[in-house]
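Let me begin by presenting the structure, written as structure tokens, before commenting on it.
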Amino acid sequence: MRGAVTAVGMITSCKRKVSEQQCDELLDRFAEMVVKEHFPDAGPDVIAAEKQRERTEAKGDVFHNCTSEVQAGEHDCAMKAKTSEGVIKCLE
């Protein structure tokens, strides 16, 4: 019986959606990756401005329904991704 309860708990946790805070962390990570990939030699001012722009754009697009669509496993995958394309693949 204990194994069944553990299995049900694992299945439920896999389907759990992420929190607003987790979405914000993921959005920040994604925006930073995109900026570093597109502007590898940019100074701090350019990076900050582009990161904010990219964050705003991604929030309205890729991360539009983050808290209602992204599952915990997808979030974990995306946070470990090495590129912005990797993040997107985790969320598909």
Side-chain angles (χ1 to χ4, degrees):
M1 180 72 169
R2 186 178 212 189
V5 171
T6 301
V8 169
M10 289 173 60
I11 291 169
T12 303
S13 70
C14 291
K15 299 293 182 185
R16 182 178 49 90
K17 304 296 185 214
V18 296
S19 69
E20 188 70 37
Q21 179 181 353
Q22 287 172 304
C23 285
D24 283 343
E25 290 169 355
L26 185 54
L27 183 58
D28 282 341
R29 179 168 167 70
F30 178 76
E32 187 168 332
M33 285 178 160
V34 170
V35 170
K36 287 182 177 180
E37 290 167 4
H38 289 103
F39 305 100
D41 298 325
D45 292 341
V46 171
I47 290 173
E50 286 299 316
K51 185 177 174 184
Q52 184 58 42
R53 186 194 59 73
E54 187 61 44
R55 190 179 195 288
T56 301
E57 184 176 315
K59 191 167 188 168
D61 186 23
V62 178
F63 296 91
H64 177 66
N65 296 322
C66 182
T67 56
S68 64
E69 293 182 2
V70 177
Q71 296 177 8
E74 294 168 328
H75 175 270
D76 292 343
C77 175
M79 290 300 286
K80 293 175 185 171
K82 303 293 184 196
T83 65
S84 61
E85 282 297 317
V87 170
I88 291 171
K89 286 183 186 228
C90 288
L91 302 177
E92 292 179 334

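Residues in residues 26-71 take part in these disulfide bond (SG atoms under 2.5 Å apart) pairs, two or more places apart or across chains: Cys23-Cys66. Residue pairs meeting the ring pair (Phe, Tyr, Trp, His ring centres under 6.0 Å) criterion with at least one member in residues 33-58: none, sequence neighbours excluded. Screening residues 57-73 for salt bridge (charged side-chain N to carboxylate O under 4.0 Å, His left out) gives Arg53-Glu57 as the qualifying pairs, with residues at least two apart or on separate chains. Within the structure, salt bridge (charged side-chain N to carboxylate O under 4.0 Å, His left out) contacts touching residues 73-92 (residues at least two apart or in different chains) do not occur.
Nearest heavy-atom pair, Ser84 versus Val34, reported as atom, atom and distance to 0.1 Å: CB-CG2, 3.6 Å. Among all heavy-atom pairs drawn from Val87 and Met33, the shortest one is CG2-SD, 3.7 Å.
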Enumerate donor-acceptor pairs with a distance under 3.5 Å from any side-chain N or O in residues 25-32 to protein atoms, sequence neighbours excluded.
| unit_1 | atom_1 | unit_2 | atom_2 | d |
| --- | --- | --- | --- | --- |
| Glu25 | OE2 | Gln21 | NE2 | 3.4 |
| Asp28 | OD1 | Arg55 | NE | 2.5 |
| Arg29 | NE | Met79 | O | 2.8 |
| Arg29 | NH2 | Met79 | O | 3.0 |
| Arg29 | NH2 | Ala81 | O | 2.5 |
| Glu32 | OE1 | Lys51 | NZ | 3.4 |
| Glu32 | OE2 | Lys36 | NZ | 2.9 |

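To the nearest 0.5 angstrom, Glu54 atom CD is 9.5 Å from Glu37 atom CD. Summarising the geometry, atom CG belonging to Asn65 is positioned 7.5 Å from atom OG1 belonging to Thr67; distances are rounded to the nearest 0.5 Å. The line from CG of Leu91 to SG of Cys77 is 7.5 Å long, rounded to the nearest 0.5 Å.
In this structure Asp41 satisfies the side-chain hydrogen bond (donor to acceptor under 3.5 Å, both in side chains) test with no other residue, sequence neighbours excluded.
A 4.5 Å side-chain heavy-atom check between Gln71 and Lys17 finds at least one atom pair inside the cut-off.
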